[in-house]
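Source: prediction; values computed, not measured.
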2 protein chains.
Amino acid sequence: MPVRPQSVSRKDRRRESEKLILQAAEKVFAEAGFGGATMQLIADVAGLPKANLHYYFPTKEALYRQVVEGIFHNWLTAADVFDSAPGPVEGIGAYIDAKMEISRRHPDGSKVWASEVMHGAPVIQDYLETTLVDWTEGRMAVIQRWIDEGRMDPIDPRHLLYMLWATTQHYADFGHQIETLNAGTPLSDAQWEAAKASVKAIILKGIGARPSPRS
Amino acid sequence: MPVRPQSVSRKDRRRESEKLILQAAEKVFAEAGFGGATMQLIADVAGLPKANLHYYFPTKEALYRQVVEGIFHNWLTAADVFDSAPGPVEGIGAYIDAKMEISRRHPDGSKVWASEVMHGAPVIQDYLETTLVDWTEGRMAVIQRWIDEGRMDPIDPRHLLYMLWATTQHYADFGHQIETLNAGTPLSDAQWEAAKASVKAIILKGIGARPSPRS
DNA sequence: CCACACTCTGACCAACCGGTCAAGATTTTT
DNA sequence: AAAAATCTTGACCGGTTGGTCAGAGTGTGG
């Protein structure tokens, strides 16, 4: 049996290099913002010469765009739990759990996204106007259905979604402030669970979510 | 009666120039971030030659620091409503109103603050560790008292505060996203009122706030 | 009216930035 | 093993940035 060259084909190496660069870029963009980030610093974090970055990504903006698009993709897919849920307790509860987990595991991505939107979404405005609008309208319809079925109070679905985004992403975007207020130490596992529980408790009770009738 | 030289003394002029520059700086820092902002652009917005900025503020960082300190000051004073309130319905309700109004009237300041914290609070870390910690502990004590008095559910005051900050500031920091989801138009007066009402309704019900017994 | 201190500004500079490129190294194909 | 295609990199470049500075302008106190 001939030993396969452990799958280090050109394409694989290319993908790995791109991934390495994208990870470094996400970190640097999160820490310094687009304007404050430098290709040199990204290169240093990735452990590659700067010229190599420009071989894989022609410009700083192209690299940034790809980072943001990846984050946007995660952002959307992490919300599939919404549709399959029988009611608001399960659906919104699971959505909060999922988004809190993203804030915990990928705070850099959340920060880059926040920064992009705060600066007027210069590179992903088209996504906002198409994909995000569609996604939002779909979830609003789901929430409206729950309201019509009497499973929760008649809350404006739009503002409920904003509140879900705001509260969950806050733990990533303002993680530094939260850490400072936590005696300068990162939240422990128990504290993260407490945060999740608090958010879920307040919101689910706040919208008058009633558990599904079927046990 | 001698006509006073309409108060254009040196000190007044100095104050006016500084204010003009600070306002322009806040806008530019909000739109481009610290790294993306340029002294030249701030000067253009302020309608002054760049060298003049350096006369009043020695460095870009000094200017930025003063902008952030001003925002932090507003941030804190806008929350005095908290203490004088008899219970959570009035106190938290008024706090939400006040912070939503800030998000509406001064979104640039909110964005600069968010950006500063997201990047690790490089210039106001000392304020976070002292003033903000003190402020937060004070309000947590108030909330805890309300809980002990049976005026609301036993929610962790810390996470309640985070939720208040997150939801209200979201309308400023993510204003562009909200506007895009609102058919590309800014929120109308009625929509702002609806947003305030939704946030207050969900949170006040979510924490089980009970109106004050005294009418 | 004059001397003085404060304010303003065009011109300038060293440092740094994103991006280029030619030439060498490496891998795949023939 | 030679040719072709792909990848890697140090050196380099024009443009921009934050910041400086000498000197002109301007209000103020004596």
Side-chain angles (χ1 to χ4, degrees), chain A residues 2-22 24-29 31-68 112 115 119 122-123, chain B residues 2-22 24-29 31-68 112 115 119 122-123:
Chain A
V3 179
R4 294 278 228 71
Q6 50 194 25
S7 79
V8 278
S9 70
R10 284 268 244 261
K11 275 194 178 171
D12 286 343
R13 285 182 61 81
R14 186 175 191 96
R15 248 189 291 271
E16 275 178 33
S17 289
E18 285 176 352
K19 193 176 170 187
L20 188 71
I21 295 170
L22 285 169
E26 180 173 302
K27 187 177 176 185
V28 173
F29 282 134
E31 287 174 358
F34 177 80
T38 68
M39 294 297 275
Q40 186 61 62
L41 185 54
I42 295 171
D44 291 346
V45 171
L48 296 169
K50 188 184 64 152
N52 205 344
L53 265 64
H54 281 100
Y55 174 73
Y56 287 102
F57 301 93
T59 66
K60 184 184 179 185
E61 280 177 15
L63 173 56
Y64 175 74
R65 171 178 272 270
Q66 200 139 329
V67 169
V68 173
V112 174
S115 190
H119 297 356
V123 321
Chain B
V3 180
R4 295 279 226 71
Q6 49 193 28
S7 78
V8 278
S9 70
R10 286 269 243 261
K11 273 193 179 173
D12 286 343
R13 284 185 59 83
R14 185 176 192 94
R15 246 189 293 272
E16 275 177 34
S17 289
E18 285 175 353
K19 193 175 170 187
L20 188 70
I21 295 169
L22 285 169
E26 180 174 303
K27 186 177 177 186
V28 173
F29 282 135
E31 287 174 358
F34 177 80
T38 68
M39 294 298 274
Q40 185 62 61
L41 184 54
I42 295 172
D44 291 346
V45 171
L48 296 169
K50 189 183 63 151
N52 205 346
L53 265 64
H54 281 100
Y55 175 73
Y56 286 103
F57 302 93
T59 66
K60 183 184 180 184
E61 281 177 15
L63 174 55
Y64 176 74
R65 170 178 272 270
Q66 201 139 326
V67 169
V68 173
V112 174
S115 190
H119 297 357
V123 320

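Rounded to whole angstrom, the span from the NE2 atom of A:His54 across to the C1' atom of D:dA11 amounts to 15 Å. Going from atom CZ of B:Phe34 over to atom P of D:dT17 covers 14 Å, rounded to whole Å. Here the C1' atom of nucleotide C:dT20 and the NZ atom of A:Lys60 are 17 Å apart, to the nearest Å. Rounded to an integer number of Å, the gap from CD of B:Glu18 to P of C:dT7 is 9 Å.
Under the 4.5 Å side-chain criterion, counting only non-hydrogen atoms from C-beta, A:His54 is in contact with A:Met39. Side-chain contact between A:Ser17 and A:Leu20 is absent, with no heavy-atom pair separated by less than 4.5 Å. Residues B:Glu61 and B:Val123 form no side-chain contact, since every pair of their non-hydrogen atoms from C-beta on lies 4.5 Å or further apart. With a 4.5 Å cut-off on side-chain heavy atoms, B:Leu63 and B:Ile42 count as touching. B:Phe57 has its side chain out of reach of B:Leu53: every pair of non-hydrogen atoms, C-beta onward, lies at least 4.5 Å apart.
Annotation: the terminal axes of the helix from C:dC1-D:dG30 to C:dT30-D:dA1 meet at 10°, where each axis is the rotation carrying the C1' atoms of four end pairs onto the next four (5 pairs per end, rounded to 10°).
For B:Phe34, the ring pair (Phe, Tyr, Trp, His ring centres under 6.0 Å) partners are B:Phe29, B:Tyr64, not counting sequence neighbours.
A sub-4.0 Å separation between OP1 or OP2 of C:dC8 and a side-chain N or O of B:Tyr56 is present. Between B:Arg13 and C:dC8 there is a side-chain N or O to OP1 or OP2 distance below 4.0 Å. Using a 4.0 Å cut-off, some side-chain N or O of A:Arg14 falls inside it from OP1 or OP2 of D:dC7.
Checked against D:dG18, C:dT7, D:dC7, the side chain of B:Tyr55 finds its nearest nucleotide in C:dT7.
Within 6.0 Å of atom NZ in A:Lys60, more than 12 heavy atoms from other residues, nucleotides or ligands are found, so the atom counts as buried in its surroundings.
The pair A:Arg14-A:Glu18 counts as a salt bridge, with a side-chain nitrogen and a carboxylate oxygen less than 4.0 angstrom apart.
Looking at residues 38-53 of chain A, you'll see A:Pro49, A:Ala51, A:Asn52 sit with a heavy atom under 4.0 Å from some atom of DNA chain D.
Paired with B:Val28 under the rule side-chain contact (heavy atoms from CB on, under 4.5 Å), one option of B:Thr38, B:Val112, B:Val45, B:Val67 passes, and it is B:Val45.
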